[in-house]
Amino acid sequence: GISSFGIQSKDFPMMEFNSANKAYQNTALLGFRTFLQGSRDKGKTFLVEPFGPLDTRFPNSDNDPNLPKRWMYVGSNEMQISDLNQKLGIETNVTFFILPEEDFGAFVKRTTIKNVHPKSSIQLSMLDGLARMEPAGGPLNGWLKNVGRTLEGWMRVYSPYPGYIKMPFYRLSSQPRDTADVIAQEAGHWCLSVLEYSDGTIHLLPIIYD
């Protein structure tokens, strides 16, 4: 559903801007993804990717009952997608929205997993988030397109505390410019992952990055 976003314009991406023909190919691999590993009461395990392209119901194709049903809802400040996997008894809902009334820009993804099996409980492990996040470092769109591999030499992920992996800070070491002067890059992109329990308490989760 989300193929690109950032600040100011496409030249300052957090998720690289691509034209439609490339976005159709890349979003399912490099965009937001969700992976679920779980088991039921009887101990049978499973691994599934909600919204994954391999389990898509295509128009005018055989209506395989084992494939999940999917819906999309679009509002003025949000978009929601739903994946109902009746075979596994799991419903996955994802809502994207812009965080309102804050003095900083933020893009939020809220993922909700529901056990829709009438009798059986479930145990789940989950990996969820953006597969590739671009760092801050000036207008990068052209650099990503033309010298993307070389640009990776400037990419860094920092942490506010030694060994702390719950708030990564993505930025280039300096802005890539074809000039004699060097401009240090101080601003960056950051992200958080929060687990919200039914009683309203929240828990900050570790983030996997490379």
Spell out, as yes or no, whether a donor-acceptor pair under 3.5 Å connects the side chain of [X] to the backbone of [Y].
X: R33; Y: L127; result: no
X: N115; Y: S120; result: yes
X: E196; Y: S198; result: no
X: R57; Y: L67; result: yes
X: T27; Y: A23; result: yes
X: S4; Y: M15; result: yes

Quick one: do F5 and Y209 end up in the same hydrophobic cluster if we chain Ile, Leu, Val, Met, Phe, Trp and Tyr together by side-chain heavy atoms under 4.5 Å apart?
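Hydrophobic grouping puts F5 with Y209.
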ILVMFWY cluster, I7 and M155 together (side-chain gap under 4.5 Å):
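Per the 4.5 Å side-chain linkage, I7 and M155 are not co-clustered.
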Are F96 and F32 an aromatic pair, judged by ring center distance below 6.0 Å?
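Yes - the distance between ring centres of F32 and F96 falls below the 6.0 Å cut-off.
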Answer whether the closest heavy-atom distance between the side chains of F17 and L144 falls below 4.5 Å.
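Answer no - side chains too far apart.
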Of D55, T56, T92, which is the lone residue that meets side chain to side chain donor-acceptor pair (under 3.5 Å) with R70?
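Result: among D55, T56, T92, T56 is the only option passing the side chain to side chain donor-acceptor pair (under 3.5 Å) with R70.
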Would you compute the distance between atom OG1 of T34 and atom CG of N93 and round it to the nearest 0.5 angstrom?
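So the gap between those two atoms works out to 11.0 Å.
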Rounded at 0.5 Å granularity, tell me how far CD in E78 sits from CD1 in I98.
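The CD1 atom of I98 is 10.5 Å from CD of E78, to the nearest 0.5 Å.
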Regarding E186 and R171, does a basic nitrogen lie under 4.0 Å from an acidic carboxylate oxygen?
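Not counted as a salt bridge, because no side-chain N and carboxylate O are separated by less than 4.0 Å.
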